[in-house]
Amino acid sequence: MKTRGQRESQKQERQAGVRFGGKTTIGSGNGWTQKNDVRTKTISMELKFTDKKSFSLKLEDLLIAERHALLDGRESLFGVRMGSRDWWILSDESFQSLLHGDAPADPSP
């Protein structure tokens, strides 16, 4: 049986997929082929959920998510659902790329 956190996390992934026109990555946390939780044509998202009042963000987590996105030819976006809201973290390089519309093309067919 799934915990509340697992259910909320899966809900968050589904909602992000629909909201941004992307697809959720089945088994993203335990598979070896594709990582990060949601992929659009240009963005790879790693999503976290907490029902606590704080979330510990580590540089290593950001760098791992970014590496997975770059290997997939996408910009990295890290999302945290906390306090019933979504918060987005991205590097300045990704922000500038997305802002100016020069994000990489979708490498998959």
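Atoms considered below: every heavy atom in the structure, side chains included; atoms not considered: hydrogens, waters and symmetry mates. Counting from 1, the numbers follow the sequence of the chain as shown.
The distance from atom CG of L90 to atom OG of S97, rounded to the nearest 0.5 Å, is 10.0 Å. Atom OG1 of residue T24 and atom CG of residue N36 lie 13.0 Å apart, to the nearest 0.5 angstrom. Interatomic distance, K48 NZ to S9 OG, rounded to the nearest 0.5 Å: 7.5 Å. In this structure, OG1 on T25 lies 8.0 Å from CG on D72, to the nearest 0.5 angstrom.
Cluster annotation: M45 is connected to F95 through the hydrophobic network of ILVMFWY side chains, with a link wherever side-chain heavy atoms come within less than 4.5 Å. A continuous path of ILVMFWY side-chain contacts below 4.5 Å connects M82 to L62, so both sit in one hydrophobic cluster. By the criterion of side-chain heavy atoms lying less than 4.5 angstrom apart, applied directly or through intervening Ile, Leu, Val, Met, Phe, Trp or Tyr residues, L59 is not grouped with V80; the two fall into different hydrophobic clusters.
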>> Before you tell me yes or no, could you show the steps for D86 and R19 under side chain to side chain contact (heavy atoms under 4.5 Å, CB included), namely the whole-Å CA-CA distance, both residues' side-chain angles and the distance that decides it to 0.1 Å?
In response: CA-CA 12 Å; D86 290 323; R19 182 175 179 200; 4.0 Å; yes

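Under the ring pair (Phe, Tyr, Trp, His ring centres under 6.0 Å) criterion, no residue pair touches residues 50-87, with sequence neighbours excluded. The side-chain hydrogen bond (donor to acceptor under 3.5 Å, both in side chains) pairs that include a residue from residues 50-67 are R4-D51, where partners are two or more places apart or lie in different chains.
With contacts defined as side-chain heavy-atom distances shorter than 4.5 Å, the pair R81/Q12 qualifies.
Listed by chain and residue number, E8, R14, Q15 satisfy the side-chain contact (heavy atoms from CB on, under 4.5 Å) test with K11 (two or more places apart in sequence, or in another chain). In this structure, the side-chain hydrogen bond (donor to acceptor under 3.5 Å, both in side chains) partners of S94, at least two apart in sequence or on a different chain, are E75, S91. Annotation: ring-ring contact (aromatic ring centres under 6.0 Å, His included) contacts of W88 (sequence neighbours excluded): F20.
L47 and A16 make their closest contact through CD1-CB, 3.8 Å (heavy atoms, listed as atom of the first residue, atom of the second, distance). Taking each heavy atom of E13 and V38 in turn, the nearest pair found is O-CG2, 3.5 Å. Across all their heavy atoms, T40 and R74 have their closest contact at O-NE, 2.6 Å. The nearest pair of heavy atoms linking S44 to A69 is CB-CB, 3.5 Å.
Side-chain atoms of Q10 and K2 form a donor-acceptor pair, as typed in the model, at a separation below 3.5 Å.
Under a 4.5 Å side-chain heavy-atom cut-off, the cluster of Ile, Leu, Val, Met, Phe, Trp and Tyr residues that includes M1 has no other member.
For the pair E46 (side chain) and L77 (backbone), a donor-acceptor distance under 3.5 Å is absent.
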